[in-house]
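Heads up, the thing below is written out as structure tokens.
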Amino acid sequence: MKRGKLFYLLITLSLIFAACDKSDKSRNDIPNKESYDEYLEAKYLLVEYWGDEFTPGIDNYSIIIAEEEFKMSLGGESLTEGSYYCIDLYAPATEDGNIPEGTYTFDASDSGAEWTIYGALIMVDTDGNFITDEEGILFSEATLVIGENSAVLTAIIEGRSHYVTFTGKFAHIDSTNEGGDVIRQTTLINDVEIDGDAALFVAEQLEGSTYILVMVDNRLEGAGGSAIFMLDIALAEGSDTISGTYSVADETLSIGTYDSYGMWGSWYFTTDDDGDLGPEYAAIHSGSVTFVQEGDTCTMQLDCSDVEGYSIKATLSGEFISESFAPEALTKLFNR
């Protein structure tokens with residue numbers, strides 16, 4: 001297979017077990033670190049769900065267990081320094097795309113049988129270059145135990161024993177959508193809270209919705225190194241201002257989505273110094289936002305969450321510009 005797909009996340013995003021005892025055997029005891037050549041308490045675990053596209057009738061997941069969160073945008077950037085345990089996992093088909101809990105064992109033939117894994121270790125230096133090659137160093141033995149919010153990998157790699165443990169929320173990518181596009185709903189690993197009084201609000205009224213682009217540091221062109229909100233709201237019919245409260249619950253604030261044409265709905269994201277999409281972004285999944293537009297100024301109170309439950313809060317104020325909603329200053333100009 002499949003080697004190419006196995007490392008799809010690392011190579012392309014740098015853009016997102018014979019039947020065993022299926023009970024959760026995540027260890028509660030802390031193993032003796034001296035018993036292993038390599039011991040890692042990983043801080044990040046990313047799961048990409050493929051459905052049964054490559055293995056009909058059996059769900060396939062690509063997993064990366066990483067020393068630290070790795071910084072990648074949808075367009076793909078170089079990896080950060082560290083160790084990356086890259087695993088293809090095969091499991092009974094599910095309807096929700098969540099990995100079934102239980103024990104998965106290494107299959108050197110990569111047969112795609114249920115409750116098996118296949119994987120390798122990739123290592124990256126401080127400059128983002130591969131210490132190993134891009135295919136990594138293949139496991140010779142391995143067991144992966146998946147719990148509700150945990151994973152424990154034991155592996156033999158080039159004769160050395162590795163013990164890797166992770167506890168917390170798994171980051172998810174769903175690659176089963178019709179277009180085959182990688183969709184990563186969030187890269188957040190912490191709550192976000194932003195305050196500022198130099199924001200720029202740009203409003204554009206479209207058929208059926210209104211997009212509000214909020215640039216935190218008031219840079220219209222480029223917005224490099226900035227934080228930005230893109231919010232899709234449904235105004236009351238006949239509204240000549242964006243003032244009001246909009247929420248996901250009453251469907252006046254659209255959730256964030258992504259397809260081959262780009263990002264849609266409501267998102268929080270950062271940009272890098274070149275103005276490109278940065279490593280931190282999240283689709284708005286729940287919550288509300290309140291705008292108060294007064295002439296050519298605007299304030300915003302946002303209290304939302306991403307799909308993983310991390311909160312995204314912002315209190316911002318600043319200049320308002322729009323061709324769709326002409327504030328008082330522009331109205332006077334137009335009436336001259």
Side-chain angles (χ1 to χ4, degrees), residues 6-7 9-10 13 16-49 59-72 79-91 94 97-108 114-125 131-132 136-173 184 186-190 308-310:
L6 171 60
F7 304 110
L9 285 176
L10 286 173
L13 276 184
I16 194 242
F17 319 9
C20 298
D21 179 1
K22 303 175 185 178
S23 61
D24 180 7
K25 292 185 178 179
S26 301
R27 298 187 184 181
N28 293 320
D29 58 306
I30 299 175
N32 184 356
K33 298 180 182 181
E34 304 302 322
S35 301
Y36 297 90
D37 297 311
E38 302 290 341
Y39 179 92
L40 175 64
E41 294 181 0
K43 295 182 175 62
Y44 195 67
L45 190 151
L46 175 62
V47 177
E48 182 173 13
Y49 175 55
D59 275 353
N60 182 204
Y61 302 80
S62 293
I63 300 172
I64 300 175
I65 307 175
E67 196 168 354
E68 301 284 347
E69 180 193 10
F70 42 95
K71 305 294 185 181
M72 296 189 301
L79 294 168
T80 50
E81 179 185 12
S83 299
Y84 299 84
Y85 293 85
C86 306
I87 301 165
D88 246 359
L89 180 148
Y90 304 96
T94 66
N98 291 323
I99 305 175
E101 298 175 26
T103 301
Y104 299 78
T105 56
F106 181 69
D107 176 8
E114 289 185 359
W115 302 98
T116 66
I117 56 171
Y118 183 82
L121 169 65
I122 289 176
M123 300 176 68
V124 176
D125 65 19
I131 297 173
T132 60
I137 307 171
L138 187 65
F139 303 163
S140 56
E141 299 176 24
T143 298
L144 178 65
V145 181
I146 297 292
E148 182 178 0
N149 289 295
S150 66
V152 175
L153 172 70
T154 54
I156 303 298
I157 305 172
E158 290 191 327
R160 295 176 61 81
S161 60
H162 292 242
Y163 184 95
V164 182
T165 181
F166 174 84
T167 301
K169 293 182 179 179
F170 298 175
H172 285 276
I173 295 173
R184 192 172 182 185
T186 183
T187 63
L188 298 186
I189 58 173
N190 294 295
E308 296 292 340
Y310 291 113

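Starting from 1, each residue takes its place in the sequence as its number.
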**Prompt:** Which atom pair, heavy atoms only, marks the closest approach of G136 to A120?
**Reply:** C-CB, 4.1 Å
**Non-hydrogen atoms of Y118 and D107 that approach each other most closely** = CD1-O, 3.3 Å
**Message:** Does any part of the side chain of F170, heavy atoms only, come nearer than 4.5 Å to the side chain of N149, both counted from C-beta?
**Reply:** no
**Request:** Compute whether any side-chain donor of one residue and acceptor of the other, for H162 and Y85, lie under 3.5 angstrom apart.
**Result:** yes
**Asked** Do the side chain of D59 and the main chain of A91 share a donor and acceptor less than 3.5 angstrom apart?
**Response** no
**Prompt:** Has the side chain of E81 got a donor or acceptor atom that lies under 3.5 Å from a matching backbone atom of D125?
**Reply:** no
**Prompt:** Hey, is R160 close enough to E38 for a salt bridge, meaning N to O under 4.0 Å?
**Reply:** yes
**Asked** What are the two closest heavy atoms between E308 and T186, and how far apart are they?
**Response** CG-CG2, 3.6 Å
**Message:** Apply side chain to side chain contact (heavy atoms under 4.5 Å, CB included) to residues V124 and I131 and explain how you reach the verdict.
**Reply:** CA-CA 5 Å; V124 176; I131 297 173; 5.9 Å; no
**Request:** Test K169 against Y310 for side chain to side chain contact (heavy atoms under 4.5 Å, CB included), laying out the working first.
**Result:** CA-CA 11 Å; K169 293 182 179 179; Y310 291 113; 4.1 Å; yes
**Asked** Taking C-beta and beyond as the side chain, do L144 and F106 meet within less than 4.5 Å on heavy atoms?
**Response** no
**Message:** Which residue is it: V164, L45, I63? I am looking for the one with a side chain to side chain contact (heavy atoms under 4.5 Å, CB included) to L153.
**Reply:** V164
**Item:** Polar side-chain atom of T132 near backbone of M123 as donor-acceptor pair, under 3.5 Å
**Value:** yes
**Asked** Is any side-chain heavy atom of P100 less than 4.5 Å from a side-chain heavy atom of T94?
**Response** yes
**Request:** Consider only side-chain N and O atoms of D88 and Y61, and report whether a donor and an acceptor are under 3.5 Å apart.
**Result:** no
**Complete:** Heavy-atom nearest pair, A42 first then I65, reads CB-CG2, 3.5 Å
**Asked** Can you name the closest pair of heavy atoms from I122 and C86 and give their distance?
**Response** CD1-SG, 4.0 Å
**Asked** To the nearest 0.5 Å, how far apart are CD in E141 and OG1 in T154?
**Response** 9.0 Å
**Request:** Please round to the nearest 0.5 Å and tell me the distance separating atom OG of S62 and atom CD1 of I87.
**Result:** 10.0 Å
**Asked** Does S161 use its side chain to pair, donor to acceptor, with the backbone of D37 at less than 3.5 Å?
**Response** yes
**Message:** Ignoring hydrogens, what is the shortest heavy-atom contact between L121 and F139? Give both atom names and the distance.
**Reply:** N-CE2, 3.9 Å
**Item:** side chain to side chain contact (heavy atoms under 4.5 Å, CB included) evaluation trace for E148 with E101
**Value:** CA-CA 7 Å; E148 182 178 0; E101 298 175 26; 3.5 Å; yes
